[in-house]
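Order of the sequence lines sets the chain letters (A, B, ...), proteins ahead of strands, with each chain counted from 1.
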Number of protein chains: 2
Amino acid sequence: MTLAEKVYVLLRRDIVSGALPGGQPLRLEPLRQRYGAGFSPLREALNRLQAERLVVQAPLRGFSVAPISRAEMWDAIETRITIEVEALRRAIARGDDGWEARIVGAFHALSRQSARMGPRDQPGGEIHQALEARHRAFHRALIDACGSPRLLDYAERLHAETERYRLPVLAGDGAGAARDVPGEHRALMEAALARGANQAAALLAAHYRRTGAALEAQFADSPAPAKPETA
Amino acid sequence: MTLAEKVYVLLRRDIVSGALPGGQPLRLEPLRQRYGAGFSPLREALNRLQAERLVVQAPLRGFSVAPISRAEMWDAIETRITIEVEALRRAIARGDDGWEARIVGAFHALSRQSARMGPRDQPGGEIHQALEARHRAFHRALIDACGSPRLLDYAERLHAETERYRLPVLAGDGAGAARDVPGEHRALMEAALARGANQAAALLAAHYRRTGAALEAQFADSPAPAKPETA
DNA sequence: TAAACCGTGATTTTCGAAAATCTGATTGCG
DNA sequence: CGCAATCAGATTTTCGAAAATCACGGTTTA
């Protein structure tokens, strides 16, 4: 693995996790020290991330982390729904026994790790990171049999974009208020295994929209959503 | 505009037009002479193109133009249909008078340039390039009011990917055999203006699938689609 | 006073050399 | 004779310096 690729992975993780918050300028000298790489691999990684909408570049004024906003969050979520619903429909139409088995397996692993999470586990901790990995693996397993490398690619990118809004919020406490996420996952799995395309699609869309609604709180204060009146 | 960005635009054009054919290794020293740039801007451009699926990188073995194949072509086309149909539905739901006006205008400009094309115009010539630009502008105008920067982004990328299969074929003669492309465009425009979402979606999908079918001929010989039998 | 002009320092961008790695052919050995 | 090890040339990747550009504060001028 080349150094440029390592830096790409690290930078991506730091942006998605929120360690590098939206809008933050990415000056090259500090990045050089942080990631122990020269200008070339750094700039290569930044250019790749720019193509993924995680970084923006202002010519001759450098890079910065792509800003976040309510509108951007919803666009990422709704686009993700468009992509993943289509992929899910195709997977339901094409998936074989192996596809079903991997869904069941991924759901089981997710449930186990979910049970392992205590209320005192850090959002960045090892237990939680494993949970995130299995959550991602479950959603990926659902659409894995869709047969389209591009849909899977876009799904992966939109996953990263939406995680930028979810992961930092987990630090707060009242995140999953009155919501049965494992139940949603189970219903989704059962609809997929029963080949109920319409129902699975509706469940998947509702799942992501509910997450989005729960994440709206973080925008409650400054970047106003509605029309300005007095100020 | 930085040098890296210029190189990106040039490289992209050369790949989409087929001047750099699929699979061709992109050695850095020749690229350096061809585009008059050092390693850094070249590699930055290549990294961006890699994220757009126009270039592939083998670590420590350099870059090459993303290979083309029947399967890749259809994946690009079907993904494009998924994206643009969704964007078109949203545009039809949201578009205002300005959206309608831009569609009518783009269609008019496209028709004019289409009439201007004689049978002796080169595929790379100025007249034909203007036609391509207006064709692209028309399809873009249809979905411009969708309100989603990501859908428009993906549509743009998939447009580039599919053009890789269409542009080189235009050099041959029997391309648009027995096909009324302007008529398809007109029907599409009329369905969009009439806010017939389902019909417009069907017309758009058929439009792209028909193009794909016409482009299948180029794979007739060597990269076989079905199972190999004797050889 | 306000606006335009110009240094100065910081930052990005680009360059070409140096280091690291791969490819292919040759040699040596069992 | 076959196969592993080795070497030379080609290529990619990385580095840090040099060039280009920007931001900003001070100065001059109308």
- Sorted by position of nearest nucleotide on DNA chain D, 5' first, the leading residue of B:S40 and B:L28 is B:L28

- Query: Hey, is CZ on A:R13 packed in by over 12 heavy atoms from elsewhere, all under 6.0 Å?
  - Reply: no

- Please find the earliest and latest nucleotides of DNA chain D, in the 5' to 3' direction, that have an atom within less than 4.0 Å of any heavy atom of chain B. D:dT11 to D:dT14

- Would you mind classifying the nucleic acid contact of B:F39 as base, sugar-phosphate or nothing, using non-hydrogen atoms under 4.0 angstrom? base

- State yes or no: are the ring centers of B:F107 and B:H185 separated by less than 6.0 Å? no

- Item | Heavy atoms of other groups near B:R12 CZ, more than 12 under 6.0 Å | yes

- Query: What distance do B:I103 atom CD1 and B:D144 atom CG have between them, rounded to the nearest 0.5 Å?
  - Reply: 9.0 Å

- Message: What contact category does A:L42 fall into here, base, sugar-phosphate, or nothing, at under 4.0 angstrom with non-hydrogen atoms?
- Response: nothing

- For A:A4 and A:E44, which heavy atoms make the closest approach, and how far apart are they? CB-OE1, 3.7 Å

- Measuring from A:I81:CD1 to A:L158:CG, what's the distance to the nearest 0.5 Å? 10.5 Å

- Could you identify which residues of residues 43-60 of chain B place a heavy atom less than 4.0 Å from some atom of DNA chain C, listed by residue number, or say none? B:L60

- Task: To the nearest 0.5 angstrom, please state how far the CG atom of A:L215 sits from the CZ atom of A:R70.
- Result: 11.0 Å

- May I ask you to check whether A:H139 and A:Y208 place their ring centres under 6.0 Å from each other? yes

